[in-house]
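Please read the structure below before turning to the comments.
Only this structure's heavy atoms are used, side chains among them; waters, hydrogens and symmetry mates stay out.
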Amino acid sequence: MAKEQNTVEIKEESHACGCCSSSGNTSPENITIDKKPVWHKYLPSIISFTLFAVGLIIDIFFKNNIFNGYVRLVWYILAYIPVGYPILKDAFKAIAKGDFFNMFTLMSIATLGAFAIGEYAEAVAVMLFYSVGELFQDAAVTKARRNIKSLLSVRPDTATVLRNGQYYTVSPEKVNVGETIQVKAGEKVSLDGKLISLVGSFNTSALTGESVPKTIRENEQVLAGMVNLDKVVDVEVEKTYSESALSKILEMVENATSRKAKTELLIRRFARVYTPIIFFLSLGVALLPYFFVADYVFAEWLYRALVILVISCPCALVVSVPLGYFGGIGAASRNGILFKGANYLDMMTKVNTVVMDKTGTLTEGVFKVKEIVSLLLEGENLVEYVAALESRSNHPIAKAIVEYYGKESCCSIENVEEIAGQGLRGFVGGRKVMVGNSKLLDSNNISYDHSVNSIVETAVLVSVDDKYAGYITIADEIKQDSLVAIDQMHALGIRKTVMLSGDKSTIAAKIAQQLHIDEYYGELLPQDKVAHLERLKSVPSNVVAFVGDGINDAPVLALSDVGIAMGGMGSDAAIEVADVVIQTDQPSKISTAIRIARSTHSIVIQNITLAIGVKTSILIMGFAGIATMWEAVFADVGVTLLAVLNAVRILKKKF
């Protein structure tokens, strides 16, 4: 057991990163959770509302000669400035950059025009209620950010590294592969590596969502973000900080909202075209009636034009649609599911065919030796030969046999070759040994008892010096929630579930039957899985998701419409290629991801329908001269507020 030693603090220069805040900026890379008092955010709205309310009461109930003329104008200007000045400032900045047609300019023109024709209260109301809506939006975005930002809190800040016989506290980025780091009880592991100490207990919830402590033994893998629970341990670093599993997960989270959904991109393009059209339409409403209306009054038609400007402001769409997707990504993160972009939320709603790998996805991927049948050698010698050869492989079955043997072989191991989808061959103690499935022996013309193909468990066949030497049976356990996962998918309307496995067909058939899977295919090589996925995708109505966790699943994950990786302990290649990562390794999270995606899509469509429906109705009233600035305020700010409140519902939902 490693002893705790005194550490020397190395102070490194830190670079503070400034963050620019702008309306609607919901990019996670700019996320900052301000823990300082936020009363100053509300102060302008409070001042404006107080002056506005007093002025409105005097206007309605106590209006007299004192509150007329310049006194009334100055009062409402004072109410306007706290909430109007920031928007006027944004409008002038945008115009200076050549962007005249934006919502800040529309609101500025509308409110200044309202002041020009004596509609002071209405002008203040537009800016005030927009400001209040922004506060609600800010609160909603902050809540969504916290759900995502909570993941970033697992990032370790320091590492205690052994150098020249002494421990130093440095940034994890400064630690090299091969160095030893010390992790005290209660500390987070800062880098991926293997445990040097005999044994340790770790909380892995930051990576897998599982609160049950995990016991890790000497030479087993430890990942950055795990928390050491009981005693000081030493870890040999195997990956740099940027290459660690935790860094890759955090990078996915930080980049999630950079990939926009088609709906969001459509709304943005729509707003860029729609805004100038509305501006010139409003200008036409103010000026063109001069040529066609006998009793034309400029102030009356200007008021109608200003009402149309306020009604038509695209705030509700521009704000609530991205906020809806942002909320969906936040809700998924809270449930241990990482969507790499809003576009995958949209695609997940269309999935109707789910294809799954077997080992590590539907089963635990933790194999145990069940039976040893030796024909040429003593059982112990057979296991030693097999374990010696399998020690050169990272396959779960190889690890199970090596673990079962439990000691190092004293035999020489030479010329080991891995044959994809078949097994291993090489020389152990000078003897030619082959270990794998029946395809390996068939391809090398080695005769064997074909009755082993009917064994339900995985049978590892062994040949020594080109003679069949026996077999070892290996069994894998089905994950506890696999059956629930398949049943939930069927309940959600997934019309076909498919299992692809490299294991023999008898094992695939047994598991498919136990889990109620619609189709299954066994004895597949990686290229066979690709062929099956291509066949499923060739059906025009199919939208296919593939779920896997291994390196050999990477091509199929890339080919699928939505690639889903089991990311808790899955391979880096699978996590890198996948569009969605399930941190908990639970297959039941597949249906959770579908439900979150569908809820997000539903909320986005509701917001679009609400905004367009209300705005169109009141816009018609505006053209007819029926709607006033008050109805316009509701059509703009009121609808925006309702859409924002609707968008944040997803953060409250239980999935």
Side-chain angles (χ1 to χ4, degrees), residues 1-17 151-208 213-254 391-394 399 402-403 406-410 412-413 416 568-573 575-576:
M1 183 176 71
K3 295 180 180 178
E4 185 173 348
Q5 299 187 23
N6 293 329
T7 61
V8 178
E9 187 76 24
I10 296 180
K11 294 186 178 179
E12 298 177 356
E13 184 182 358
S14 62
H15 301 275
C17 248
L151 280 172
L152 306 189
S153 66
V154 304
R155 190 196 303 266
D157 297 321
T158 60
T160 304
V161 61
L162 177 64
R163 288 173 181 168
N164 301 320
Q166 193 166 11
Y167 284 95
Y168 295 88
T169 299
V170 300
S171 167
E173 288 96 335
K174 303 293 183 182
V175 180
N176 301 315
V177 173
E179 290 193 296
T180 298
I181 59 172
Q182 183 186 78
V183 186
K184 301 181 182 70
E187 286 186 345
K188 295 169 189 167
V189 179
S190 52
L191 296 137
D192 291 1
K194 67 179 179 182
L195 190 66
I196 299 175
S197 305
L198 292 176
V199 68
S201 180
F202 295 85
N203 182 334
T204 66
S205 59
L207 295 171
T208 67
K214 180 180 177 68
T215 299
I216 297 177
R217 303 187 185 281
E218 187 178 10
N219 293 325
E220 291 183 341
Q221 190 178 39
V222 181
L223 299 177
M226 291 181 175
V227 178
N228 182 20
L229 294 178
D230 55 1
K231 57 191 173 186
V232 178
V233 296
D234 285 345
V235 175
E236 182 182 323
V237 177
E238 294 184 320
K239 291 182 182 177
T240 61
Y241 180 75
S242 62
E243 292 298 316
S244 68
L246 178 62
S247 288
K248 290 180 183 297
I249 289 171
L250 298 183
E251 185 180 348
M252 291 173 212
V253 176
E254 291 173 352
S391 66
R392 300 299 175 90
S393 172
N394 288 321
K399 290 180 179 178
V402 172
E403 183 181 343
K407 51 190 174 182
E408 262 188 59
S409 172
C410 58
S412 61
I413 307 166
V416 178
M569 296 296 171
S571 74
D572 289 350
I575 293 171
E576 189 75 28

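Rounded to the nearest 0.5 Å, atoms CD (Glu236) and CG (Leu191) are 12.5 Å apart. Distance CZ/Arg163 to CD/Glu179: 4.0 Å, rounded to 0.5 Å. Once rounded to the nearest 0.5 Å, the distance linking CG of Leu223 with OG of Ser190 reads 12.0 Å. Distance CG/Leu198 to CD1/Ile216: 14.0 Å, rounded to 0.5 Å. From Leu195, atom CG reaches atom CG of Asn228 across 8.5 Å, with rounding to the nearest 0.5 Å. Ile181 contributes atom CD1, which lies 11.0 Å from atom CG of Leu162 (distance to the nearest 0.5 angstrom).
Taking each heavy atom of Gly186 and Val227 in turn, the nearest pair found is O-CG1, 3.8 Å. Nearest heavy atom pair, residue Lys184 against residue Thr160, reads NZ-OG1, 4.2 Å. Across every non-hydrogen atom of Val233 and Gly200, the tightest pair is CG1-CA, 4.4 Å. Nearest heavy atoms, Gln182 versus Tyr167: CB-CE2, 3.4 Å. The two residues Leu229 and Phe202 have their closest heavy-atom pair at CD1-C, 3.8 Å.
Residues that satisfy the salt bridge (Lys or Arg N to Asp or Glu O under 4.0 Å) test with Glu173, not counting sequence neighbours, are absent from this structure. With sequence neighbours excluded, no residue satisfies side-chain hydrogen bond (donor to acceptor under 3.5 Å, both in side chains) with Glu220.
Using a distance-only test at 3.5 Å, with no hydrogens or angles considered, a donor-acceptor pair links the side chain of Asp192 to the main chain of Ala224.
Side-chain contact check for Val161 versus Lys174: every heavy-atom pair is 4.5 Å or farther apart. Looking only at side-chain heavy atoms (C-beta outward), Thr215 and Val199 come within less than 4.5 Å of each other.
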request  = Report the C-alpha distance between Val237 and Asn176 in whole Å, list the side-chain angles of each, state the deciding distance to 0.1 Å, and finish with yes or no for side-chain contact (heavy atoms from CB on, under 4.5 Å).
outcome  = CA-CA 7 Å; Val237 177; Asn176 301 315; over 6 Å; no
